[in-house]
Protein chains: 2
Amino acid sequence: MPAKTAAQVVEAPERSPLPAGRNLLFLREEELRLAQDLLFFGYRDFTAGADEILAELGMGRAHHRVLHFVGRRPGITVGDLLGILGITKQSLGRVLQPLVEEGYVTQTPGRTDRRQRLLALTDKGAALERRLFERQRETVMRAYREAGPAAVEGFRRVMRGMMGEDARAACDLLGEPAR
Amino acid sequence: MPAKTAAQVVEAPERSPLPAGRNLLFLREEELRLAQDLLFFGYRDFTAGADEILAELGMGRAHHRVLHFVGRRPGITVGDLLGILGITKQSLGRVLQPLVEEGYVTQTPGRTDRRQRLLALTDKGAALERRLFERQRETVMRAYREAGPAAVEGFRRVMRGMMGEDARAACDLLGEPAR
DNA sequence: CGGATGCGTCAATGATACTGACCCAAGAGG
DNA sequence: CCTCTTGGGTCAGTATCATTGACGCATCCG
């Protein structure tokens, strides 16, 4: 990952009578309105495909999130998963319990601390997660292909910039090599 | 069943230090996993600030969406708003009715078609919408400033690419000059 | 007139989230 | 051994956001 801080100030004033320097310091109203629209529609359509699959199985988006993050960090503790999802123990329990009962997720006691229940995907769980992943891959790959590699890097930087400190740390951890 | 045809369609001209073959597939998978993480955390934190304000007023995200899109297209019909939001009449009614009763939104009969109820924000509604807007502006402005103008353009292209046809059309309409 | 359209509303259901309280088992420290 | 804390599960109640199906009403239109 190139950690370039190249902030190109040279920006063509497309449809704006404002000077370029001001664009950097003052986010014009219409730009933010557009961002709101993009996030609303984009996020909705990003999740739409996976939602269909989940609905067939009587699951919701929350189940997918559990499958995703458990798949990303096998052996994660319940407490860490709660921190990532930002929900309460009870909310997680309502989703996690069926996933365990139906054989998508395993719970194994921690070696050093046997109070912990380390979570991992079963083959069945990994298969479902992959199915959901592939569906979303179509959506994201199309967007990436249309937008081009440079746009993808920009997308990542902006999305990351909207995250708070906690989310950034959690996101960084998820991207690291095997724990 | 990987017929070699699919694997060989990979674009050749890229002479970057990127590894090829399996590693390329691995990178793509990791890229998409990262995209999933970014969208989850980014969208959540993007809406978090406005959600706090809404919670104080006993409202939810759905109320904000109505205020946003009605403010964006004053005089919009109920049917058009339903199309944009992608929800049912009943779901909208449960949110819209309180907004009208509490004086955030007005309903006025259409001039040409008196069956229509054209929606618009009152001063009170516009003030609340602006309050929510300013809160989100802080989040997005910080992200835009950190990422730079080129990244912002990339972000827009990618988000737009993830939208379906309907959402793109709706999004384009919203960005057009005053109807 | 009769059908289609725009809108509101009824009832029932489900997914996702919350708070507060309580319990159990296991680690940590006196 | 005996508390205190921590990781985890669970119960009860509540709220928001969404669904489907059906019905009513006013209005537009051929």
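Note that this is a predicted model, so its numbers are computed, not measured. Scope of the values below: all heavy atoms of this structure, side chains included, with no hydrogens, waters or symmetry mates.
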*Let me see the working for B:His68 and A:Asp37 under side-chain hydrogen bond (donor to acceptor under 3.5 Å, both in side chains), right down to the final yes or no.*
CA-CA 9 Å; B:His68 170 76; A:Asp37 296 341; 2.6 Å; yes
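Checked against C:dG8, D:dC28, C:dT16, the side chain of B:Arg114 finds its nearest nucleotide in D:dC28. Closest to the side chain of A:Gln116, from the set C:dG6, D:dG7, C:dT16, is D:dG7. With C:dC7, D:dT19, D:dG7 as the candidates, the nucleotide lying closest to the side chain of A:Arg115 is D:dG7.
OP1 or OP2 of D:dT19 lies within a sub-4.0 Å distance of a side-chain N or O belonging to B:Thr88. The phosphate of D:dT10 (OP1 or OP2) has a side-chain N or O of A:Gln97 nearer than 4.0 angstrom. Checking the phosphate oxygens (OP1, OP2) of D:dA18, a side-chain nitrogen or oxygen of B:Arg65 falls inside 4.0 Å. Within the structure, a side-chain polar atom (N or O) of A:Gln107 is placed less than 4.0 Å from OP1 or OP2 of D:dG9. Regarding contacts with the backbone of D:dT16, every side-chain N or O of B:His63 stays at 4.0 angstrom or more from both OP1 and OP2. Look at B:Arg117 and you'll find a side-chain N or O under 4.0 angstrom from OP1 or OP2 of C:dG8. Distances shorter than 4.0 Å separate none of the side-chain N or O atoms of B:Arg44 from OP1 or OP2 on C:dT16. Within the 4.0 Å cut-off from OP1 or OP2 of D:dC17, not a single side-chain nitrogen or oxygen of B:Ser91 is found. OP1 and OP2 of C:dT16 both lie 4.0 Å or more from every side-chain N or O belonging to A:Arg94.
The distance from atom CG of B:Leu92 to atom P of C:dC10 is 15 Å, rounded to the nearest whole Å. Atom CG of A:Leu119 and atom C1' of D:dG8 are 11 Å apart (whole Å). For the pair A:Leu118 CG and D:dG9 P, the computed distance is 11 Å after rounding to whole Å. For A:Leu82 and D:dT10, the CG to P distance is 13 Å, given to the nearest whole Å. Between the P atom of C:dT16 and the CG atom of B:Asp51 lies a distance of 17 Å, rounded to the nearest Å. In this structure, NZ of A:Lys89 is placed 17 Å from P of C:dA17, rounded to the nearest angstrom. Following rounding to the nearest Å, B:Ile87 (CD1) and C:dC7 (P) show an atom-to-atom distance of 14 Å. Nucleotide D:dA18 holds its C1' atom 11 Å from the CZ atom of A:Arg61, rounded to whole Å.
Between B:Glu31 and B:Arg28 there is no salt bridge, since no side-chain nitrogen of the basic residue lies less than 4.0 Å from a carboxylate oxygen of the acidic one.
Here B:Met162 contributes atom CE and A:Thr139 contributes atom OG1; the two are 8.5 Å apart, rounded to the nearest 0.5 Å. The structure places CZ of B:Arg44 at 7.5 Å from CG of A:Leu85, a figure rounded to the nearest 0.5 Å.
Between A:Asp113 and A:Gly93, the one whose closest nucleotide on DNA chain D sits nearer the 5' end is A:Asp113. Nearer to the 5' terminus of DNA chain C, by closest-nucleotide assignment, is the contact made by B:Val78 (compared with the other of B:Val78 and A:Gly60).
Annotation: cation-pi geometry satisfied between A:Arg33 and B:Phe133 (NZ/CZ under 6.0 angstrom from ring centroid, within 45° of ring axis).
Considering B:Arg156, B:Arg160, B:Arg168, B:Arg157 in turn, B:Arg168 is the only one that fulfils the salt bridge (charged side-chain N to carboxylate O under 4.0 Å, His left out) rule with A:Glu146.
Nucleic acid contact for A:Gln90: base, since at least one base atom lies under 4.0 Å from a heavy atom of the residue.
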